[in-house]
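Following: one structure in structure tokens, then a few remarks.
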Amino acid sequence: MTIQDVARAAGVSAMTVSHVINDHPHVKSETRERVLRAIADLDYRVNVAARNLRTGRTGTIGLAVPEVDRPYYGQLAAEIIIAAARHNLKVAIEQTGASREGELDALALSRNRLYDGLILSTVGLGPADTDLLKVDYPIVILGERIFDGPVDHVAMPNVEGARAATAHLIERGCRRIALIDGGAQGDEVNVSSLRYTGYRQALEEAGLAFDPRLVAPTEQFTMAGGAAAARRLADGGADFDGVFCVTDTVAIGVLRGLADRGVRVPDQVKVIGFDNIAEGAYSVPSLSSIDPDHPLMAGTAVDLLVGRLARKGKQKQVAAREFVSRFSVVARESTGG
């Protein structure tokens, strides 16, 4: 069946059928009903491949994330799918494995026009890869603005949120606050280093001394990594009464690790995470966290991408834009909330 067959059956032009298929607002209701009835009677299906060839669009955007099995990225992906649907776009999800090579593969898929544009949560690419992002299709980076060039960014309030998380522990009476991070003391700018900065700022603002013995790195942002770091911290002999964890996934592991050592949360040690993943509300005790407003971040990333798509060929004429999400402290049982 073709669009011409539907037009003949409905007694209208092929253009009118096209308007109905694309939900054009200026079609009379009775005409629309007649066309839809003809489409149903003839079992007509839109030839998506042919339409893509004509328009140069696939109707699909890519989302590349480091690991699809992490609760945070699953929650973020769900919000991006919801935001994309408002623009009649589908989302194809790629896993990069938190590697530079995986992120380059995601860029190649967009370059080959499998997607109309790409939202890339990058952890592997760095400033030396800036030229690879200077392409003729839209990209939005989820993460810190460490790239130059015409690439839009949607960033988390990493420093501000970490400072607020640590300050929340201080307000709850903590004076010896540990940090479970990803090895934040290097020169590289990443999530760990930025949240480490916020942690240090909060201590300084409260007049509390920094103790390097209270920094427990974990190589992976996993529950297992958090549990192991908490056990090392408890076994290390340094007194602590609060723990700020670089992510909620790590924090849930920390709750397990502290329980393994007989440390009661929040009676002896208070714990707070970052990301406000849904699972945190159901841990025992429930987890206090920093909420970076996932719907706002996802909606902004999609809106920026759609805005670039609408310009079609004029992307380089628009300066790169950066959006830093708002945040809030969610106090639950792990900090006595």
Side-chain angles (χ1 to χ4, degrees), residues 60-84 89-111 114-130 132-133 135 137-147 149 151-159 161-162 181-182 188-195 220-222 246-250 273-278 290-306 308 320-325 327:
T60 299
I61 61 174
L63 170 63
V65 297
E67 295 156 317
V68 296
D69 62 344
R70 296 288 180 264
Y72 165 73
Y73 291 115
Q75 190 167 321
L76 181 64
E79 294 292 349
I80 286 177
I81 289 170
I82 292 170
L89 292 170
K90 300 295 184 181
V91 180
I93 300 175
E94 296 289 332
Q95 177 171 276
T96 64
S99 71
R100 179 178 181 274
E101 292 73 19
E103 291 169 9
L104 290 176
D105 286 344
L107 288 170
L109 287 172
S110 290
R111 187 176 294 111
L114 295 184
Y115 312 140
D116 294 331
L118 179 67
I119 298 174
L120 175 61
S121 178
T122 178
V123 296
L125 295 175
D129 299 308
T130 295
L132 299 176
L133 300 176
V135 295
Y137 57 88
I139 299 175
V140 174
I141 299 293
L142 287 175
E144 296 315 302
R145 185 166 179 73
I146 58 176
F147 304 103
V151 181
D152 296 330
H153 281 70
V154 175
M156 270 199 182
N158 285 308
V159 175
D181 75 352
E188 184 179 354
V189 176
N190 54 32
V191 169
S192 284
S193 66
L194 292 166
R195 294 181 187 178
Q220 293 184 319
F221 293 166
T222 62
V246 71
T247 72
D248 280 356
T249 300
V250 169
F274 198 120
D275 289 335
N276 197 31
I277 62 174
I290 298 298
D291 182 357
D293 199 334
H294 297 105
L296 177 63
M297 290 182 64
T300 301
V302 172
D303 288 346
L304 288 171
L305 199 68
V306 169
R308 293 277 178 183
R321 293 159 294 179
E322 180 175 12
F323 173 83
V324 180
S325 183
F327 72 91

Check [X] against [Y] and note the closest heavy-atom contact, atom names and distance.
X      : Y      : answer
Gly299 : Ala83  : CA-CB, 3.8 Å
Ala106 : Ala64  : CB-CB, 3.7 Å
Val91  : Ala84  : CG2-CB, 3.6 Å
Tyr73  : Ser121 : CE2-OG, 3.6 Å
Ala77  : Ile93  : CB-CD1, 3.9 Å

Working to the nearest 0.5 Å, report the span between [atom1] of [X] and [atom2] of [Y].
X      : Y      : atom1 : atom2 : answer
Thr300 : Asp152 : OG1   : CG    : 11.0 Å
Arg195 : Asp181 : CZ    : CG    : 11.0 Å
Arg100 : Asp105 : CZ    : CG    : 11.0 Å
Arg308 : Leu304 : CZ    : CG    : 8.0 Å
Ile81  : Leu76  : CD1   : CG    : 10.0 Å
Asp291 : Ile277 : CG    : CD1   : 12.0 Å

Q. Yes or no on side chain to side chain contact (heavy atoms under 4.5 Å, CB included) for Phe274 and Asn158, after CA distance, side-chain angles and deciding distance?
A. CA-CA 9 Å; Phe274 198 120; Asn158 285 308; 4.3 Å; yes
Any side-chain heavy-atom pair from [X] and [Y] closer than 4.5 angstrom?
X      : Y      : result
Leu296 : Phe323 : yes
Asn190 : Val123 : no
Ile80  : Leu305 : no
Ile61  : Leu63  : no

**Q.** Expected output: side-chain Ser325 to main-chain Pro292 donor-acceptor under 3.5 Å
**A.**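 Side chain of Ser325 to backbone of Pro292, a donor-acceptor pair under 3.5 Å: yes, one is there.
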Q. Backbone N or O of Val68 within a donor-acceptor pair of the Gln95 side chain at under 3.5 Å?
A.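 Such a contact is found between Gln95 side chain and Val68 backbone.
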(Q) Checking Glu79 against His294 for the side-chain hydrogen bond (donor to acceptor under 3.5 Å, both in side chains) test, could you report, in this order, the C-alpha distance in whole Å, the side-chain angles of both residues, the deciding distance, and whether it holds? (A) CA-CA 7 Å; Glu79 294 292 349; His294 297 105; over 6 Å; no
Q: Go through the steps for Asp275 and Met156 under the test side chain to side chain contact (heavy atoms under 4.5 Å, CB included), then give the verdict.
A: CA-CA 10 Å; Asp275 289 335; Met156 270 199 182; 3.5 Å; yes
Q: Please check if atom CD in Gln220 has more than 12 non-hydrogen atoms from other residues, nucleotides or ligands closer than 6.0 Å.
A: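 Not buried by this count: 12 neighbours or fewer within 6.0 Å.
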Q | Within 45° cone and under 6.0 Å: Arg70 NZ/CZ vs Phe221 ring | A |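 Judged by the rule, Arg70 and Phe221 form no cation-pi pair.
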(Q) For Val191 and Thr247: C-alpha separation, side-chain torsions, deciding distance, then whether side chain to side chain contact (heavy atoms under 4.5 Å, CB included) applies. (A) CA-CA 10 Å; Val191 169; Thr247 72; 5.6 Å; no
